[in-house]
There are 2 protein chains.
Amino acid sequence: MPATIRDVARASGVHISTVSRTFSAPHLVNPETRVRVLACAEDLGYRPNRAARALITGRTHNIGLIVADIANPFFPPLIKAAEGQARHRDYHVFVADTNEDPAAEEDLVHALAKQVDGVLLCSPRMSNSLIEQVSREVPVVVINRQVAGLPCVMMDVGQGARAAIEHLLGLGHRRIALLGGPRGSWTAREMRRAASAAARGGGAELTLLGPNQPTETGGGAVAEQVRRSGVTAVLAYNDLMAIGLIEGLDALGLRVPQDVSVVGVDDIALSRLTRPKLTTVATPTAAAGRTAVDMLLQLDSDAPRGARGRGAASGDRRTTAQVMLQTALVVRDSTGPVPAPGRDGTGA
Amino acid sequence: MPATIRDVARASGVHISTVSRTFSAPHLVNPETRVRVLACAEDLGYRPNRAARALITGRTHNIGLIVADIANPFFPPLIKAAEGQARHRDYHVFVADTNEDPAAEEDLVHALAKQVDGVLLCSPRMSNSLIEQVSREVPVVVINRQVAGLPCVMMDVGQGARAAIEHLLGLGHRRIALLGGPRGSWTAREMRRAASAAARGGGAELTLLGPNQPTETGGGAVAEQVRRSGVTAVLAYNDLMAIGLIEGLDALGLRVPQDVSVVGVDDIALSRLTRPKLTTVATPTAAAGRTAVDMLLQLDSDAPRGARGRGAASGDRRTTAQVMLQTALVVRDSTGPVPAPGRDGTGA
DNA sequence: GTGAAAGCGCTAACAA
DNA sequence: TTGTTAGCGCTTTCAC
């Protein structure tokens, strides 16, 4: 039913290769021929079949975007930005959800590999070595993780965690807890490292709680632990956990920020809408999505491809960019001065 | 670099057509040959190229999912559910964002058409006639809208709106406002119709405010109008607007639910986390995503396709299902009894 | 049960 | 500037 290149050729009285050129190398065809072909194409509603084209050019003009959980509010802005940037460059985006399952990540990369020019791996839970391995099958840009030798887009959560701890120190807190994230998370590791250093430098004690599910439920689940630990402030792995924790503390009769200060990470839209409004480390998720797409497409345009170009210099290691995006502490209402001794929730 | 069917054929000493059969019609090949071929394939890391296969079978095993705004919290659960269901059936999903732009919707369908077996149109802003038109190019399932002759998955927001109004009537409210949604929204129209009827039936006066942007900002923007209108309760087009409205009313010194009751629609995750917790009409978004995928794939398996089957009975109108999913009112803390006269925010 | 051959829609040498 | 030819990776008749 849909018109093919042959239909257009027939209608405009030229060979199919001329039609092909009209679309993929217009400058190589006589202007008059071109307008005629274009008119016929328009007429028939012809659009080149990208899949057929990909078969020979080696470029699909598709990319894959693999995330742990589409419904986690951290990801949608990233997905939206990546998709927008990709489409702006005339690429379509496969989105896939792994449900936080490392094995699903690997499967997905393999399944998508033939249909895409590259894959964006967001906050992968796979091991670094596995990532390197799959990156030999299809170009990969990693988001939210550093993998040596691979292009990566990271957010400087280390700096963010430091800023958060210093903010808490400045409010007088000396007993602080870090609500860790999921096992295998690069972000969680970076936060831990930076928060520990900052706490140590400020003469504060940092209690590590975790690993935890990076969700509201995960945050609520540790409320009791937080209470028992006697800390006066908490830095959570992300906003969702922070919000869950605040709810949990509330249920235990502890007020935020009067009894306990809580800081999140990500600055999801939600963090502005809860009561109290959340103090959090804003991460540039949309920028990360755009940047990652640009890097992937850059990689792609460098790489030799296609039926003919195969086996050429495709193995050369070009300098692989690693980008670190800045974060910023946003102080809202969930942090406050350390409570006076005796006023804390564990006492009277 | 990636292994092709020919590599496998060479390695296992059979013709490529035998390898092909091993994957697409295993029962037609001798068990012994089959295991040998499979072993070689495994060995070489061979996976059939779906795009090449699609060229001849006419089935891409991809679907398109077109939404107005990925970052609108209403959509991610739907996207997640649809993607999960699709992948469960061995389909990959292109996700595209139109930024609420009807023209972008049309472009996207055309751009995706050749690469997918069908498209899911979520809350489309296009006209019905345009939807019918594009549905002739590629199978379409419409979500959140009724289009005659096309398969549709709807949520019964009419019933939901009625339940919400009745809930408010039961609390004594007689002056109620309906915060309308965006222009061209089927949901907005259904809500208006049902809410008007229910209000009339209950002897209440319904003030229509809108159309509005279906966002938090859109909700906040009408707070002043709501105050001036003197209503004691508001039914908002969606939760985001309801939450924005509550914020806006708060800024004007009006308390929810003491001064004004507010009901949302959708029951997004967020609605459980704000203060007050939102009373809202829960819509089964995940179920809608799954159902729509199932309907699309059903359609797909009915349709004759492929290079050979072309032009057969592809024009026949099979009975196109239209599914209406139930909604449910969830009463939380943003609704309460009508304030006693004199206590309302416009007075002392 | 397997191989030979044609061809899906398209691009890319090469020749004219 | 245009046409000819070969072929991307795969499936599917049709013989054998």
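A note on names: the letters A, B, ... follow the listed sequences, proteins ahead of strands, and every chain is numbered from 1. Not measured: the values here are computed from a predicted model.
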Take the protein atom [atom1] of [X] and the nucleotide atom [atom2] of [N], then report the distance between them rounded to whole Å.
| X | N | atom1 | atom2 | value |
| --- | --- | --- | --- | --- |
| A:Asn30 | D:dT1 | CG | P | 6 Å |
| A:Asp7 | C:dG9 | CG | C1' | 11 Å |
| B:Leu55 | D:dC8 | CG | C1' | 9 Å |
| A:His61 | C:dT11 | NE2 | C1' | 14 Å |
| B:Arg53 | C:dC8 | CZ | P | 19 Å |
| B:Lys114 | C:dC8 | NZ | C1' | 13 Å |

_Donor-acceptor pair (no angle test) under 3.5 Å: A:Arg21 side chain, D:dG3 base_ = yes
*Under-4.0 Å salt bridge between A:Arg36 and A:Glu32*: no
State which of [options] makes the closest approach to the side chain of [X].
| X | options | result |
| --- | --- | --- |
| A:Ser17 | D:dG7, D:dT11, D:dG3 | D:dG3 |
| A:Ser20 | C:dT2, C:dC10, C:dT11 | C:dT11 |
| A:Ser24 | C:dT11, D:dG3, C:dG9 | C:dT11 |
| B:Ile5 | C:dC10, D:dG9, C:dG3 | D:dG9 |
| B:Thr33 | C:dT2, C:dT11, C:dA12 | C:dT2 |

*May I ask you to check whether A:Asn62 and A:Arg50 show a side-chain donor-acceptor distance below 3.5 Å?*
no
*With a 4.0 Å cut-off on heavy atoms, is B:Arg47 in touch with a base, just the backbone sugar-phosphate, or nothing at all?*
sugar-phosphate
*NA contact type, B:Val19, heavy-atom cut-off 4.0 Å: base, sugar-phosphate, or nothing?*
nothing
*Measure the acute angle between the ring planes of A:Phe23 and A:Tyr46, then classify it against the limits of 30° and 60° as parallel, tilted or perpendicular.*
perpendicular
*Classify the angle between the aromatic ring planes of B:Tyr91 and B:His61 as parallel (below 30°), tilted (30 to 60°) or perpendicular (above 60°).*
parallel
